[in-house]
Amino acid sequence: MKNTVTTFQKMKEKGEKISMLTAYDYSMAKLIDESGINGILVGDSLGNVILGYEDTISVTMEDMIHHGAAVARGAKNALVVIDMPFMSYQTSTYDAVVNAGRLMKEGRAGAVKLEGGEKVKDQIRAIVDASIPVMGHVGLTPQSINAFGGFKVQGKTEDTAKKLIRDAKAVEEAGAFAVVLECVPSQLAKRVSEELTIPTIGIGAGAGCDGQILVYQDMLGMYSDFSPKFVKRFGEAGLMMTQAFKAYDKEVKEGTFPAAEHCFTIKEEVLERVY
Ligand code: KIV
């Protein structure tokens with residue numbers, strides 16, 4: 001069944017948990033989609049896990065459209081959410097609407113995601129008014145990494161916890177259909193999830209959120225540059241891949257691959273006439 005923003009809202013109302021994973025290409029989107037995951041985020045984390053940057057700052061609109069469209073072609077049932085990259089919405093509501101529109105028209109997004117709370121409420125409202133569903137993202141927002149001074153849990157003090165609640169509420173009031181809570185103490189995330197009417201999707205925010213999201217390379221052990229505490233390895237695909245690559249390397253070098261069953265043939269008499 002096709003997941004839409006309405007599906008997410010109904011799941012929250014019924015107390016059903018929402019599952020999301022990231023994807024950045026067609027074949028991975030297809031596998032995730034076929035597994036029954038509710039939503040796929042084409043995250044700007046592609047800057048790290050696909051493009052090898054140390055952060056998400058350099059990711060462009062073209063990167064997001066290129067990868068987003070590939071994911072959209074592979075996802076038949078999951079709701080595809082595409083991240084708005086750094087500086088595609090912070091500059092003005094006009095830029096926000098134009099760029100969200102491009103992600104929907106060219107990237108075939110079902111919704112867009114942008115980072116920030118009170119500071120971006122006007123952008124969220126303007127995008128929603130243009131009939132483009134918006135997912136918010138508060139707590140640790142990686143595009144603000146230079147302002148935060150590093151990857152840190154958000155909302156641990158009284159002031160920052162109050163700010164997180166204000167941000168989440170601002171996102172809801174501006175019309176977002178859901179909000180990601182990243183790296184937030186579990187008890188606070190649970191309270192926020194109870195107070196909001198829209199679903200919260202947690203990453204490093206505990207089991208009290210209405211849904212969960214992980215970067216697929218993290219949960220499959222395919223990305224070793226950085227492994228946050230909140231990641232659980234659900235498989236060892238990285239290990240399986242290196243074992244397979246080593247076996248291939250060995251067989252190529254020994255001459256045992258390709259074997260007869262992997263080869264095409266020509267009739268001997270035809271070959272004789274050639275030489
Ligand atoms: O870019 C991303 O992958 C994200 C998730 C971590 C929520 O924003």
Side-chain angles (χ1 to χ4, degrees), residues 3-9 12 18 20 22 39-47 56-69 71-72 79-148 154 163-182 192-193 195-201 203 210-211 213:
N3 286 268
T4 64
V5 294
T6 318
T7 318
F8 275 40
Q9 186 58 44
K12 163 133 185 162
I18 301 164
M20 290 192 72
T22 64
I40 298 181
L41 171 70
V42 187
D44 62 353
S45 51
L46 73 82
T56 57
I57 301 298
S58 306
V59 175
T60 64
M61 276 295 296
E62 272 57 42
D63 293 331
M64 297 313 299
I65 290 169
H66 181 72
H67 289 271
V71 167
L79 173 67
V80 176
V81 183
I82 305 185
D83 252 342
M84 299 197 69
F86 184 55
M87 283 298 133
S88 67
Y89 58 94
Q90 288 91 342
T91 40
S92 67
T93 53
Y94 177 82
D95 286 348
V97 175
V98 169
N99 286 318
R102 286 193 69 200
L103 294 178
M104 193 173 240
K105 277 183 86 146
E106 300 171 51
R108 304 297 304 178
V112 300
K113 176 167 84 57
L114 56 82
E115 297 182 4
E118 287 185 306
K119 282 188 193 156
V120 292
K121 64 181 188 328
D122 292 343
Q123 283 90 328
I124 295 177
R125 188 163 293 122
I127 299 170
V128 172
D129 283 348
S131 304
I132 301 169
V134 176
M135 178 177 271
H137 183 159
V138 301
L140 174 61
T141 45
Q143 290 175 15
S144 306
I145 196 68
N146 292 309
F148 285 147
Q154 302 296 305
K163 179 180 182 316
L164 184 107
I165 295 166
R166 281 199 307 273
D167 280 340
K169 287 190 172 166
V171 165
E172 170 167 284
E173 278 159 27
F177 76 95
V179 60
V180 168
L181 305 181
E182 180 166 352
V192 170
S193 305
E195 281 181 39
L196 295 190
T197 59
I198 58 170
T200 58
I201 308 294
I203 176 161
D210 302 303
I213 183 162

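Atom set for the values below is all heavy atoms of this structure, side chains included, hydrogens, waters and symmetry mates excluded.
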Please walk me through it: do L79 and T7 pass side-chain contact (heavy atoms from CB on, under 4.5 Å)? CA-CA 9 Å; L79 173 67; T7 318; over 6 Å; no
Please report the C-alpha distance between D167 and K119 in whole Å, then the side-chain angles of each, then the deciding distance to 0.1 Å, and finally whether the side-chain contact (heavy atoms from CB on, under 4.5 Å) criterion is met. CA-CA 8 Å; D167 280 340; K119 282 188 193 156; over 6 Å; no
Would you check, one step at a time, whether the test side-chain contact (heavy atoms from CB on, under 4.5 Å) holds for V171 with M135? CA-CA 8 Å; V171 165; M135 178 177 271; over 6 Å; no
What verdict does the side-chain contact (heavy atoms from CB on, under 4.5 Å) test give for R102 and E62, after you've listed the backbone C-alpha separation in whole Å, the side-chain angles of each residue and the deciding distance to 0.1 Å? CA-CA 10 Å; R102 286 193 69 200; E62 272 57 42; 2.9 Å; yes
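Closest heavy-atom contact between A126 and T93: CB-CB, 4.0 Å. Between E118 and R166, the shortest heavy-atom distance links the atoms OE1-NE, 3.5 Å. In plain terms, the two heavy atoms of K169 and E195 that are nearest each other are NZ-OE1, 2.9 Å. The shortest heavy-atom contact between Q154 and L140 is CG-N, 3.4 Å. Residues V97 and A130 share a closest heavy-atom pair of CG1-CB, 3.9 Å. Residues T200 and S193 share a closest heavy-atom pair of OG1-OG, 2.7 Å.
Remark: the backbone N or O of Q143 is paired with a side-chain donor or acceptor of E115 at under 3.5 angstrom. One N or O on the side chain of N99 and one on the backbone of S88 form a donor-acceptor pair closer than 3.5 Å.
Residues E182 and P142 meet the side-chain proximity criterion, which asks for heavy atoms closer than 4.5 Å. A heavy-atom distance below 4.5 Å is not found between the side chains of D83 and V42. Residues L41 and I201 have side chains not in contact (no heavy-atom distance under 4.5 Å, counting atoms from C-beta outward). The shortest distance between side-chain heavy atoms of S45 and T22 falls below 4.5 Å. Side-chain contact check for V180 versus M20: every heavy-atom pair is 4.5 Å or farther apart. A heavy-atom distance below 4.5 Å is not found between the side chains of Y89 and V134.
Among residues two or more places apart in sequence or in another chain, the salt bridge (Lys or Arg N to Asp or Glu O under 4.0 Å) test is passed with D44 by none.
A donor atom on one side chain and an acceptor atom on the other are found under 3.5 Å apart for T197 and E172.
Taking CG of L114 as the start and CZ of F86 as the end, the distance is 13.5 Å to the nearest 0.5 Å. Summarising the geometry, atom CZ belonging to F8 is positioned 6.0 Å from atom CG belonging to N3; distances are rounded to the nearest 0.5 Å.
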